[in-house]
> 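Below is the structure I would like to discuss, written out as C-alpha cells.
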Amino acid sequence: MAKPKAGAGSRAAARRSTSLNTVRVPEAIKPLFLKAQDYVARYFSDRVENPEEGTISISGERYILLRAASMSVEFFDLVTSLYQHKEPDEARGVASNLLFDVAHAIGKADARTFHQRMRVSDPIEKLSAGPIHFSYSGWAFVDILPESRPAPDESFFLIYDHPFSFESDAWVRRKRTSEYPVCVMNAGYSSGWCEESFGLPLVAAEIECLAVGGKRCRFIMAPPPRIEEHLTHYSRRTSDQRRPSRTGLRGHATPVSIPEFFQRKRMEDELRQSHEGLEQRVKERTTELLEANDLLRREISERKRAEEVRDEFLSVAAHELKTPMTSLRGFAQVLMRQMDRDETPDLPRLRQAMRAIDQQSEKLSRLVVQLLDISRLEAGRLVLERKVTDVVGIVEGVLAGARTGAARHLLDLQAPSALLAFVDPLRLEQVITNLVDNAVKYSPSGGPVELDVSKRGALLRIAVTDHGIGVPKDRREQIFDRFYQAHTEHRLGGMGLGLYISRQIVELHAGKIEAEFPAAGGTRIVVTLPLGRREASAARLKVGS
Amino acid sequence: LTGGKRILLVDDDESIRQFIQMALSDDGYDVATASDGAAALALIPEWSPALILLDMRMPGVDGWAFAERYRKTPEPHVPVVVLTAARDAAESASQIAADGFLAKPFDLADLIRIVARFIGR
C-alpha cells in the first residue's frame with residue numbers, strides 16, 4: 001500500500017474537506033475526525049521500507065508487520081495445543097488474556113505518542129486519531145454508532161463495529177468458527193487508546209462476532225464498573241430477536257467475555273477498596289479500643305485513687321480513734337496501778353485523770369457520731385427532724401461551749417436577738433459546731449473568730465470567719481469532699497469528715513455551703529438555708545423577739 | 001545522775017503526755033516531754049535522756065523527720081521506742097529503724113516493761 005511520497009499530502013488535503021472515509025462516527029464529532037484523518041493520512045504517507053536494514057519507518061517511527069492470522073486463529077490453536085492436557089476454556093482464557101493485555105498496552109502507547117505528535121488535549125480530539133490509525137495499520141475499520149456517549153467520566157459509553165477485523169477475518173478465511181468472540185486484540189487496542197485519551201480506565205467487550213456466526217463484530221466500551229450493566233442493557237434490547245445463550249448474560253447470541261485483564265483490575269480495585277475499608281475499620285476499631293482502654297485506665301486510676309483515699313481515711317480514722325482511747329486507758333490504768341499498790345491517788349491527780357477521761361471520751365464519741373453519720377449518709381438514711389427553731393439560740397449555745405476550749409480565740413457574734421427557721425436543730429447545731437471547731441483549729445495562733453447570723457429575704461445566712469492559716473488555692477475545691485483534709489501536713493487532727501457532713505446536712509435542708517477566702521487571709525464558710533415553712537419567722541418572729 | 005533514768009517523751013497529744021509522764025514518774029523515771037520533733041531535738045542536749053519514746057504522727061517535725069535528724073546528731077544515740085496509733089506499728093518502727101515499738105492504745109504494764117528492758121533500774 002506504499003504510496004509515492006509526492007502527491008500524498010495534496011491528495012489527503014483534498015479528501016479532508018470532502019469525506020471521512022477511514023472511520024465512521026456520529027455527525028457531531030465528524031469535524032474533529034476529519035482533522036485527524038488528514039493528519040494520520042499524511043503521517044502514513046511518509047513510509048519507508050528498507051529490507052536491507054530490516055526496517056519499516058512511518059514518519060520516522062519504526063513499525064513492524066505481523067501476519068494477522070498468527071496473532072489470531074493460529075495463536076489460539078498454538079496455545080490450545082500447548083494446553084492439551086487442560087480444559088479448552090483455560091487455553092482460550094490464557095490466549096485471549098495475553099492478546100488483550102498486549103493490544104491494550106500497544107493501544108495506550110500508540111495513543112500517548114500520537115497525542116504528543118498532534119499536540120492535542122481535548123479527549124475527543126485525542127480519541128479521533130485512534131480509529132484512523134487503526135485503519136491505516138490494518139487492524140480493522142471503525143464504525144462508531146450514534147448512541148455512543150464518549151464523555152470523560154463514569155458515563156463513558158462507546159458502541160462500535162469493527163468491519164474487516166483482522167481477527168474474525170482470520171477465522172472466517174479458515175472457515176473456522178469459534179464459540180467465543182475472537183476480536184480480543186481489537187478490543188484491547190481500542191480500549192487502550194481510549195483509556196489513554198480520556199484518562200479513565202476503560203474496558204471493551206465484543207458482543208457480536210463474525211467468527212461466532214454473527215453479522216458483524218460489535219463492541220461495547222465502558223468503565224469497568226459499568227460494563228456489565230451496559231452488556232445487560234444491550235442484551236435486553238436485543239433479546240427478542242436472539243436466542244438465549246449459555247453464558248450468564250441473558251439473551252446473547254454471542255457469549256460475551258469481559259477481558260480478564262479488566263476483571264483482574266476490577267478485582268484489584270475491589271480488593272484495594274475492601275482493603276482500604278478494612279484499614280478504615282481497623283483504624284476505627286483501634287481508635288475505639290484505645291478510647292475504651294483510656295476509659296478503663298481512667299476508671300482504674302479513679303478507683304485506685306478512691307481506694308487510696310479510703311485507705312488513707314482508714315489510717316487517719318484509726319489514728320484519730322486510737323489516740324483518745326490511749327489516754328482513756330492510760331489514765332484509768334495509772335489510777336488502778338496506784339490503787340493496786342493500796343495507795344489513794346491525791347485529789348489533783350484524780351481530778352486531772354477524770355477530766356482527761358471525760359474530755360477524751362467526749363472526743364471519742366464525737367468521732368463515733370461522725371462515723372455513724374457518714375455511714376447513714378452513704379446509705380441515704382440521714383433524715384432531718386425539722387422544727388421551728390431559734391437559730392441564734394443554737395449559735396449562742398455552740399459559742400458558749402467553744403469558748404471554754406479556745407482561750408486564745410476571741411469568738412464574736414453578730415446576730416439579731418432571735419431568728420426562727422424550720423430546721424433540724426441538732427443537725428444545724430452539728431454544722432455550726434463543726435464550723436466553729438474548724439475556725440479555732442485552723443487559726444492555731446488564736447485571734448478573732450466572727451460569727452454572723454442574718455436573714456436575707458427568705459434565706460438564713462450563717463457565716464463563720466477566722467483569720468487563720470486559710471486553705472491553699474489548689475486545695476480549695478476539695479474541702480467539702482469526703483475524707484479530704486487540706487492540712488494533713490499540719491496534723492491538726494480530725495478525719496476529714498466535718499465539712500463533708502456539714503455540706504450534706506446543709507444540702508438536705510436545700511441550702512448551700514460555700515467557702516470564701518478573704519484577701520487578708522483566713523477562711524469564711526457561709527451557709528445559706530431557706531428559712532422554710534412559710535418563713536418560719538413570719539408567724540413567730542414577734543414572739544421570738 | 002548521768003541520765004540513766006531519764007526519758008524523753010515526744011507526743012503531740014497533751015493527754016497522752018500527761019498520763020505517761022505520771023505513770024513513769026510513779027516508777028521512778030524522770031520524764032521530759034516534747035510536743036513535736038523539733039522541741040525534742042532542742043531538748044536532747046540538755047536533758048540527755050537514756051531512752052526516747054516517740055510518737056510518729058505529729059505536726060511539724062514528725063516521728064520520721066525526728067529520727068532522720070536525730071541520727072545525724074553526734075553520738076551516742078540512745079534507744080528509740082515508737083509509740084504509734086498507726087495501723088501497723090511494727091512497720092512504722094522499722095521505717096525509722098527504731099529499737100522497739102508499742103501500738104496505741106497499749107497496756108500500761110507493757111509500757112513499763114519495755115522501758116525497763118532498755119533502762120532497767
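A quick note: this is a predicted structure, and the numbers were derived from the prediction, not measured. Letters A, B, ... are given to chains in the order of the sequence lines, protein chains preceding strands, and every chain is numbered from 1.
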> Looking at every non-hydrogen atom in both residues, tell me the closest pair between I16(B) and S327(A) and how far apart they are.
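Of all heavy-atom pairs spanning I16(B) and S327(A), the closest is CG1-OG, 3.2 Å.
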> Name the region of D107(B), side chain, backbone, both or neither, that has any atom closer than 4.5 Å to a heavy atom of chain A.
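For D107(B), heavy atoms of backbone and side chain both lie under 4.5 Å from chain A.
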> Count the heavy-atom pairs under 4.5 Å between each of V334(A), L314(A), L328(A) and chain B, then report the option with the highest count.
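Among the listed options, the one with the most contacts to chain B is V334(A).
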> Check whether any side-chain heavy atom of R349(A) sits under 4.5 Å from a side-chain heavy atom of D26(B), and report yes or no.
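Yes, at least one pair of side-chain atoms sits under 4.5 Å.
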> Select one option (side chain, backbone, both, neither) describing which atoms of A23(B) are under 4.5 Å from chain A's heavy atoms.
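A23(B) touches chain A through backbone and side-chain heavy atoms alike.
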> Considering only heavy atoms and a distance below 4.5 Å, find which of L321(A), T326(A), L335(A) pairs most often with chain B.
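Ranked by contacts with chain B, first place is T326(A).
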> What distance do M22(B) atom CE and R337(A) atom CZ have between them, rounded to the nearest 0.5 Å?
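The distance works out to 13.0 Å.
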> Does a sphere of radius 6.0 Å around CD in E68(B) hold more than 12 heavy atoms from other residues, nucleotides or ligands, not counting ones at 6.0 Å or beyond?
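12 or below, so no.
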> Does atom CZ (R355(A)) have a neighbourhood of more than 12 heavy atoms from anything else shown, all under 6.0 Å?
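Incorrect, the count does not exceed 12.
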> Within this structure, what is the NE2-CG distance for the pair H319(A) and D13(B), rounded to the nearest 0.5 Å?
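Separation between the atoms: 8.5 Å.
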> Is atom CZ of R305(A) surrounded by more than 12 heavy atoms (other residues, nucleotides or ligands) closer than 6.0 Å?
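No.
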> Under 4.5 Å heavy-atom distance to chain A, tell me which part of Q18(B) shows up: side chain, backbone, both or neither.
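Contact with chain A: backbone and side chain both.
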> For Q360(A) and S15(B), which heavy atoms make the closest approach, and how far apart are they?
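Looking at all heavy atoms of both residues, the closest pair is NE2-CB, 3.4 Å.
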> Which atom pair, heavy atoms only, marks the closest approach of P105(B) to K322(A)?
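Minimum heavy-atom separation between P105(B) and K322(A): CD-CG, 3.8 Å.
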> Tell me whether R87(B) is salt-bridged to D311(A), with the criterion being a basic N under 4.0 Å from an acidic carboxylate O.
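A salt bridge links R87(B) with D311(A).
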> Heavy-atom count around R310(A) CZ within 6.0 Å, excluding the residue itself: above 12?
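Not buried by this count: 12 neighbours or fewer within 6.0 Å.
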> Taking C-beta and beyond as the side chain, do L108(B) and M336(A) meet within less than 4.5 Å on heavy atoms?
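Answer no - side chains too far apart.
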> So how far is it from D12(B) CG to T323(A) OG1, rounded to the nearest 0.5 Å?
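Between atom CG of D12(B) and atom OG1 of T323(A) there are 7.5 Å.
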> Take atom CD in E378(A); do more than 12 heavy atoms of anything else shown fall under 6.0 Å from it?
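Count over threshold, so yes.
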> Picking from Q338(A), Q352(A), R341(A), which has the most non-hydrogen pairs under 4.5 angstrom with chain B?
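Ranked by heavy-atom pairs under 4.5 Å with chain B, first place is Q352(A).
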